[in-house]
Each structure stands twice: as structure tokens, then as C-alpha cells.
A.B. asks: 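A single structure is presented below for examination.
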Amino acid sequence: MDPILTSTVCIGGVGLVSAVALAVADKFLSVPEDPRIGQITACLPGANCGGCGFAGCSDYARAILFQGLGVNLCSPGGADCAKAIAAVMGCEAGDVEKQVAVVLCGGDETEAIRRSNYNGIADCAAAHATAGGDKACTYGCLGYGSCARICPVNAIRMERGLARVDKEACITCGKCVKACPRKLIKLVPAKAQIHVLCRNKDKGPWVKQICGVGCLGCRICTKLAGDAITMEGFLAVVDYTQAPTNEALIDTCPGHCIRKNA
Amino acid sequence: MKTVHSKFVFKGGVHPDYHKELSAGSAIETMPAVFHLTVPLSMHLGAPAKPVVKHGDTVKKNQLIAEASGFISAPVHAPIGGKVAAITDTVAASGRPCAAILIEAHDHEEVEFLPPIADWHFADQQVLLNRVAEAGIVGMGGAGFPTCVKLAPPPEKQVDTLILNGAECEPYLTSDHRMMVEHAEELCIGALIARRILGVKKVCVAIEDNKPDAIEALQKAFAGLDDDVEISILRTSYPHGSEKHQIFATTGREVPRGGLPMDVGCVVENISTIYAIYDAVVNHQPLTHRVVSVTGDAITRPANLRVPFGTAYADLIAVCGGVKGKAAKVVSGGPMMGFTVSSLSVPVTKTTSGIVLLSEDRVSGYTSQACISCGRCVEVCPMRILPSELSQCIEADDIEGAEQACLMDCLECGSCAYVCPAHRPLVHHVRRAKAIVAAKRAEAAAKK
């Protein structure tokens, strides 16, 4: 027989037998999958940012179905996404409050002094591990941009040696919070306008020597803001569950560290 | 006693400018009285000591002020008599915050000592070991590992050799060198005590051949001893002070990857540690002082000072006549493995072997560039790893790749960064990656 014909018949025959076997297997051995996994994954934004705490969007979808997790954990998706998933699951969406990251330091290169000349790797964790960093303030933003590099949507930019978050672009994935070796970045409600941009817990006179915009621990703000600002040692800290709205705080702060819309 | 020239030479290593002549000739001086000490509670590897005094208490010189708080920990004693001014946070030389006890000196100092041990020749091994533990002795070469743990190896490990590390391979530092020249007799007794505790026969003293006066002094002091005691003269090369390389140089044994010296039957103790053992057993003196070399080209009078723990670096520099010209860098420890400090209020600890002040001429600012694959770092790496590949993995944030490239085997000796023509901060990369691995492991342990 013609060798071309032989090979065509052989290969074609093997193909046909395999196709039949696969068709039979699909019919009798198929594993039923919940169609809602696909539906929920379709509702999610597909950024796979990991902000919900799972490896990706479909992983979160499985967690909603099989672990009974809340439908409002996707920050990039926000309220719309939560509503869509709630419709699939037939439950209430619950409250979804848009949160954004904020860098709690205002000491840029004109305000905060540097105590040493750092010549190592341009990475915040590496600088922080080298004698506590080159900034005289051991709590402040080092400005080597580890948070900016890890941000999946480029929402963080470096301005005069200080990280700043673009509120509109931030998808609240929380990666920058983990990346910052100084633990300066916090996820706060997007509607909070007034922030204490300092994390320095040292006493006022020392803070004044090393930074032009540090918290002096004078407690004036706590009197004006009521319970919305509390003292942690020598540091004023905003309680974001009842974020302050009194704009008089900004002008009264003798340390100039209370700012609007950081 | 016999003297041998080591015939084993480890692969790699570098020969930096040693500059030991600056302070090698200055005899050990006692630091004039200091009035404020900031004694850190974590001067050793392991759990920080737990304070047993409180604010306002009066303490005698040598009194126990903080007790060991675990198996790997060490107690701390008051280096001077005085009042506890505060128990507060301070910054260690590495830049990390740590708790410390502030002591203000009294005019009239009261002294106490550890209970006497009649004669160490006949004392029980356990009694001597307990003395090492209660005196707060830790490895004074730099790592600060509690000596009592090292001197009591688990029974399944057959230890047969005690090595005294007198290599002092770091440039500039001369504290161990002076110790060997001036206290050879005491070191001899210390070595015999450590030998008795360990129950071994063989003792090796490893010295590099750039310290002929120390070799001579030790030969004289050890002269009457049996032939199991050996002075091993090593060819000068950095990093001979590293335990693993020293064991190879003196015995020809290689410590397996990830293993400990006791896996090949050796225990390595630093010269200053041996002196501390002598002091604790014979003079009943807890570990409260150490010899620190204050040296470098930016110090007026380089010296070797016997300093109480907790003394600020600024006080040491003042005693040495202050800074000559302008110091661009102050390094705690040697220039190869030490930490650059950012404040002179950092206190001296059990592991501070020296303070090196460098002028601007000695410190070059550099811009690091991409690896040019020249392979010099591979040639000098004493651990036979590939620093070039390792650092590129870390730069690409591939920490798992770095672990496969033997990240955890790195000694951080700095030989690779020393020879790199592209001025790559190789050790800095490694330290960063090790910190990430440590954090990951801690996280994994916490989950379990």
C-alpha cells in the first residue's frame, strides 16, 4: 500500500479512537463544578491584586462559595462588585467603604534632616536595616520607593524624597502597607480628610530638632478634635472610625503635621 | 607545647591593607572613670536578659542587674557601682533598638565578686561551666553566642579539639593582639580551664603570622605545657578568623554545609573570651569590661582601652584625644564586617572589638553598576558560592533562587564586595535577602 495512505489511515484511526474515548469519559467521568464560580469570577475586576487575602480573583470566588466569606472584601471592585456578587449569591451586599492608602509622614527633604550619607542599595528595607536608615527621624519615610515599586497600579509617586498616594488610583490592595519597613502606610476610609502626618513617638524637643513637620506631643489637637484624635505616648493618632472634620486643627497644630488630603 | 606552621590554606580570601601598626604598639590602658553607662540587655545572641533591678535601686560594682531569660541567653552585671537612673530603650551599633539599663556612678564604689572557686584544677567540670554561665560570658569575637552553651556540646557530638581564635583577621583591630602580648600567662590558664570544662586533650592556638610578638609571648607562656597544646601559625589571609576556615587551617577538617564546628569535633573560642573565662574562674570577676581598639586614621591617639560595657563611643573617642581632622565614617567592629554607626551615643557591648574612625581619604563614595561577570568575587569567596549570581537573584527579587544559590551559607565576610570592580554592594544584598528569609520563616513558624 502507498506509505502516505498507510500513515494517514493509522494516525486518523488513532485520533478517532481517542476522540471517542474522550467523549465517553466526558459524559461518564465529568466532575460537576458550581457554575457560580465562573459567575462570581466574572463579577470581580480580574486584577489578581491579592488585596482580599487570596491568591487571585477566582481563588476569592471559591472562598466566597465554599468558606462562606463576605462578598465585600474586594477593594478594587468596590460597592458595585459587592452588589453583583451578592446578586449571584442571593445575599445582602453589606457596607463597602472605599479605603485608600495614606503615608503617615510629611517630612520631605526640605523638612526632615538626614543624619548620614547612605550609599547602599536604593531600597527602603535595606536602608532601614543599615543603622536604622539615613534619616535623623527613625520613624519617617526613607524615600527609596519600595512602596512605589510594589504598587500594581502605579498609584504611589515619590515627591521630594517622600512617598505620596494618588487617592483616585489606589485600589486598596495593601501591598504597600506590607512593603514599608517603617510601617508608615495605613489603609484609611477615603472620606477621611484630615490626617496626622507623623509617626514619631519621641519627645517634642527632639522631634523639633530633626523635622520641621513632626508631632511635638503638645495635645492641642486632642482638645479640639475630641475623641477623634488620641495620644499614643508623645504622638497624636487619628481614630479613623470617627475621623476628625474640624479644619481649625490644621492651622492650630504647632508641629505643622496635621494636613488635609494627604 | 609545640609550634606548627599550618599547611592547610583555604581557597579564596583577600589581603586588604591591615593598618594594624596604628594601634598594635599601644599597651592596653584602663579607661578613666565614666559616670554614665547605658548597659544594653541584649549584648549576646539569643533572648535579651531580664532586668532584676528597678529604677532608683543602688547597685554595687559587679552586681547582677539582669538575668538570663532562656537557654540561649546571658546575664548582665553592673560594670560600675551606682544608681539605676532608668530602664529604657537605646539604639545598638547595628541600628536596632534594644532595652538598656542606665547607671549613674556613685562617688564611693562598693564592689562584690562571684563566690570563690577554691582551685580550678580540682573543681568539678559542672562547677566551672556554671561559673562561665553566671559570669555572663559570651563569644567576644563578634557573634556573642553564649559560651556556656558552646562548652557543653550534646553527648552525641564527639569533641576532641579546642581552638583558640587569635587570628584577628579584620584590618585595623588589635584588641586580641594586645591581649595575647600582655596577658599570655592568663590566657594559658584560661585555655587549660576551658580544656578541663570540655574534657578534651588537644588545644590549638591559631595566630596569623603578621603578629610575631604575640606568637613569641604565647610560646613563652605555654612553654611548660604538654605536646597536645599546639601553637598553629596561619598564613595571613582574610577571613581566617571565621570559625570554619580556622578549623580547616588548624586541623584540615571541613565543616559540612549548614553544620557546626562540633560536627567535626571542634570548639572555637575567641582570645578575649578565654581571658574572660580566666577572670571569672580565678578572679571571681563577672564579665563587665572588655578591650576595645579605638583606631583609624581619623583618631588623634589610636589606643587599646579596657572599657566598661555601656560606655558611649563618644567617651572613648574623647579619651583618645578626639577626632583628627574630619571623620567621614565611624565603624563599630572592623571595616570588613563591622557596622557603620550613625550616632556616637551607641554603647560598647560584649562584642565590640573595636571602633574604627576613617577620614574622607579612606572612604570612597561610589556608584554601583551592573555585574560585568568578571568572576573576581567567585575567585575570592571563601565559602565557594557565586556572589555574582546570588546578588542578581536578589536584585530581581527572586529570593527562592537566592536560597538555591546558597544565600544562607554566606558568611558576609565582604571579600566579594571588596574586590568587585563594579562596586556592587554584594554583602548588602545578602543581608537584605537574609532578613527577608528570616521574616518569611518567622511568619511560617507563627502560622504553625
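Just so it is clear: chains get the letters A, B, ... in the order the sequence lines come, proteins before strands, and each one is counted from 1.
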A.B. asks: Got more than 12 heavy atoms from elsewhere within 6.0 Å of NZ, A:K208?
C.D. replies: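 At most 12 heavy atoms, drawn from other residues, nucleotides or ligands, come within 6.0 Å of this atom.
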A.B. asks: Non-hydrogen atoms of chain B under 4.5 Å away: do they reach the side chain of A:A129, the backbone, both or neither?
C.D. replies: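 Contact with chain B is through the backbone of A:A129 alone.
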A.B. asks: Quick check on A:R157: does its CZ atom have over 12 non-hydrogen neighbours (other residues, nucleotides or ligands) under 6.0 Å away?
C.D. replies: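 Result for CZ/A:R157: enclosed.
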A.B. asks: What's the shortest heavy-atom distance between B:H429 and A:I121, and which atoms?
C.D. replies: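 Heavy-atom minimum between the residues: ND1-CD1, 3.3 Å.
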A.B. asks: Could you tell me the separation between the CG atom of A:D202 and the CG atom of B:D89, rounded to the nearest 0.5 Å?
C.D. replies: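 Going from CG on A:D202 over to CG on B:D89, the span is 10.0 Å.
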A.B. asks: Rounded to the nearest 0.5 Å, what separates atom CZ in B:R432 from atom OG1 in A:T130?
C.D. replies: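 With rounding to 0.5 Å, CZ (B:R432) is 11.0 Å from OG1 (A:T130).
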A.B. asks: Rounded to the nearest 0.5 Å, how far apart are NZ of B:K329 and CG of A:N119?
C.D. replies: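 Rounded to the nearest 0.5 Å, the NZ-CG separation comes out at 7.5 Å.
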A.B. asks: Mark yes when over 12 heavy atoms from residues, nucleotides or ligands other than A:E159 sit less than 6.0 Å from its CD; otherwise mark no.
C.D. replies: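 Enclosed: over 12 neighbouring heavy atoms sit under 6.0 Å from CD of A:E159.
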A.B. asks: Which answer fits B:S342, side chain, backbone, both or neither, if we ask what part of it has an atom under 4.5 Å from a heavy atom of chain A?
C.D. replies: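 Looking at B:S342, backbone and side chain both touch chain A.
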A.B. asks: Where on A:N117 is there a heavy atom nearer than 4.5 Å to chain B: the side chain, the backbone, both, or neither?
C.D. replies: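 Neither part.
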